[in-house]
Amino acid sequence: MADAYVALEGDRVIEARARAPGTARGELVFTTAYTGYEESLTDPSYEEQVLTFSYPLIGNYGVREERFESDRVHPRAAVAREMTDDVAEWLESEGVPAVDHLDTRDIVTEIRDEGAMKCGVAAGPDVSEQDALDELHECKHMSDHTDIGAQVSVDDVESYNEGGDGATVALVDCGAKGSIVDSLVERDATVHVFPYDASEDDVAAVDPDLLFISNGPGDPQNFEQAGELVETYVGDVPLAGICLGQQVVANALGGETEKMEFGHRGVNQPVRDLRTNQVVMTTQNHGYTVADPGEKLDVTQINVNDDTPEGLENDDLDIITRQYHPEANPGPHDSLGFFDDVLAMTGE
Ligand SMILES: NC(=O)CC[C@H](N)C(=O)O
């Protein structure tokens, strides 16, 4: 008998097996990645979302902290066809509800056909279908999480590789993955990680060679202060951005973002560089996109599946942004060269 329920928009309830108890709600999203569950579950971009793994077995190589992208689990709940005890126990210890023994293909098909949707999850011996429905009915639209940055950002500046030989990077933490800091430090950069609402004066104190806007959860329009930093620094220092970072940079420089039907979600998203015609495979998890890059940014890379902008650049103003995740983790390492390119803009 079922002891867990997933309620989808329209009040459809799917029965499941409880793997970690509790109730939760969030935007229902998926990843088609076949590895990298530790990285995805600790990626702050999944804050306020419920993550469904479409690959049927999750947890087959254990759980190791070295692979975490942050210090906690961010999705509100996890859904899989079959989840190992290692993962279930980890999620339970984090207080994150988890369910399995349901048809995840059905969930992904529903999202693909109906578009991004809210959901409610209830798991454990004492829950009912109604608990999952109650969670669903309390669920907010992603864009209505107006202060989501506060949930995922550092409280105070954190610095890495101080006294290093390379560029000084001001990384605005809108929910940054650890691998972005690592990728910069590996290239000798000194990285100062700033809260998402850092002021111009805070950032000026480190005299950065590069302003870098990180990935992060929710609607880029809810990261106004990061946009103001972009407006302040554009033309003075090079700018870089990843995922939400690309969206924030575009919005700040006269462009526009919009919600996608169900986003790009997996580690095999093909991206074509319009300058070289080369196609690379990329890691993606985003539900918003740049609808209009504005006058200052050129679209230099596009998604092969739907032509949406994957890379924006301005050679004169020294700006490079990516909609996908060059830092990988999980996923292919094809585009790690992005970090060399953005650091090269600093001349350090
Ligand atoms: N991975 C990310 O940075 C996600 C960006 C943004 N929250 C989106 O869903 O589009």
Side-chain angles (χ1 to χ4, degrees), residues 26-33 36 39-52 69-70 73-76 111 115-118 140-153 171-181 183 193 196 212-224 226-227 230 240-252 255-267 269 271 282-293 303 305-306 308-312 321-332 335 338:
E27 181 183 32
L28 184 60
V29 296
F30 61 89
T31 175
T32 60
E39 292 90 331
S40 294
L41 285 165
T42 53
D43 177 348
S45 297
Y46 287 109
E47 185 83 4
E48 299 297 353
Q49 295 178 323
V50 169
L51 178 57
T52 301
E69 285 294 324
S70 70
V73 172
H74 286 274
R76 288 277 172 257
I111 300 171
M117 62 173 72
K118 301 168 185 172
K140 290 206 276 193
H141 190 274
M142 271 318 266
S143 296
D144 294 333
H145 289 282
T146 50
D147 203 18
I148 200 165
Q151 297 172 218
V152 291
S153 187
L171 175 68
V172 182
D173 176 14
C174 302
K177 288 170 67 186
S179 291
I180 294 179
V181 176
S183 300
V193 180
Y196 76 109
F212 197 130
I213 314 294
S214 81
N215 65 296
D219 187 338
Q221 306 224 36
N222 288 328
F223 288 83
E224 261 172 50
V230 170
I242 289 179
C243 207
L244 181 108
Q246 161 155 309
Q247 301 163 355
V248 167
V249 169
N251 279 336
E256 258 178 54
T257 51
E258 67 182 8
K259 182 94 171 141
M260 302 169 87
E261 215 177 321
F262 53 84
H264 292 155
R265 308 194 172 282
V267 294
Q269 288 279 329
V271 168
T282 67
T283 296
Q284 305 210 12
N285 63 308
H286 63 107
Y288 293 82
T289 189
V290 174
D292 171 8
N303 191 295
N305 294 330
D306 62 9
T308 52
E310 294 286 0
L312 302 175
T321 66
R322 297 291 180 253
Q323 185 57 63
Y324 54 90
H325 289 272
E327 76 284 3
N329 292 340
S335 36
F338 163 79

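One-based numbering, in listed order, for ligands and for the atoms of each.
Not a single heavy atom of Q284 sits closer than 4.0 Å to an atom of ligand 1. Assignment of M260 to the shell around ligand 1 is not supported, since no heavy atom sits closer than 4.0 Å.
In this structure, a donor-acceptor pair under 3.5 Å is absent between the side chains of Q269 and E310.
When the heavy atoms of G263, G216, G245 are ranked by distance to atom 4 (C) of ligand 1, first place goes to G216. Comparing heavy-atom distances from atom 6 (C) of ligand 1 across G287, G218, P220 singles out G218 as nearest.
Looking at heavy atoms from C-beta onward, S179 lies in side-chain contact with E69 at the 4.5 angstrom threshold. Looking only at side-chain heavy atoms (C-beta outward), Y46 and V73 stay at 4.5 Å or farther from each other. Side-chain contact between C174 and V152 is absent, with no heavy atoms from C-beta onward closer than 4.5 Å. Looking at heavy atoms from C-beta onward, E27 lies out of side-chain contact with E48 at the 4.5 angstrom threshold.
The side chain of S45, and not its backbone, has at least one atom closer than 4.0 Å to an atom of ligand 1 (non-hydrogen atoms only; side chain from C-beta on). Neither the backbone nor the side chain of M142 has any atom closer than 4.0 Å to an atom of ligand 1 (non-hydrogen atoms only).
Taking atom 10 (O) of ligand 1 as the reference point, the nearest protein heavy-atom neighbour is Y288 N, 2.8 Å. Nearest to atom 2 (C) of ligand 1 among the protein's heavy atoms is C243 SG, 2.9 Å.
Note that CD1 of I148 and NZ of K140 are 9.0 Å apart. Values are rounded to the nearest 0.5 Å.
Inclusion of N215 in the set of residues having an N or O under 3.5 Å from an N or O of ligand 1 is not warranted. Residue N285 has at least one N or O atom closer than 3.5 Å to an N or O atom of ligand 1. Here's the thing with H325: one of its N/O atoms is less than 3.5 angstrom from an N/O atom of ligand 1. Below 3.5 Å of separation, one finds an N or O of L244 facing an N or O of ligand 1. Of the N or O atoms in H286, none lie within a sub-3.5 Å distance of an N or O in ligand 1.
Here is the list of ligand 1 atoms found below 4.0 Å of a heavy atom in P217: 7 (N).
Using the six-membered ring where Trp is involved, F338 and F212 have ring planes that are perpendicular, over 60° apart on the 30 and 60° scheme.
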Just do the side-chain hydrogen bond (donor to acceptor under 3.5 Å, both in side chains) check on H141 and D219 with the steps written out, would you? CA-CA 10 Å; H141 190 274; D219 187 338; over 6 Å; no
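Using modelled atom types, one side-chain atom of H286 and one backbone atom of Y288 make a donor-acceptor pair closer than 3.5 Å.
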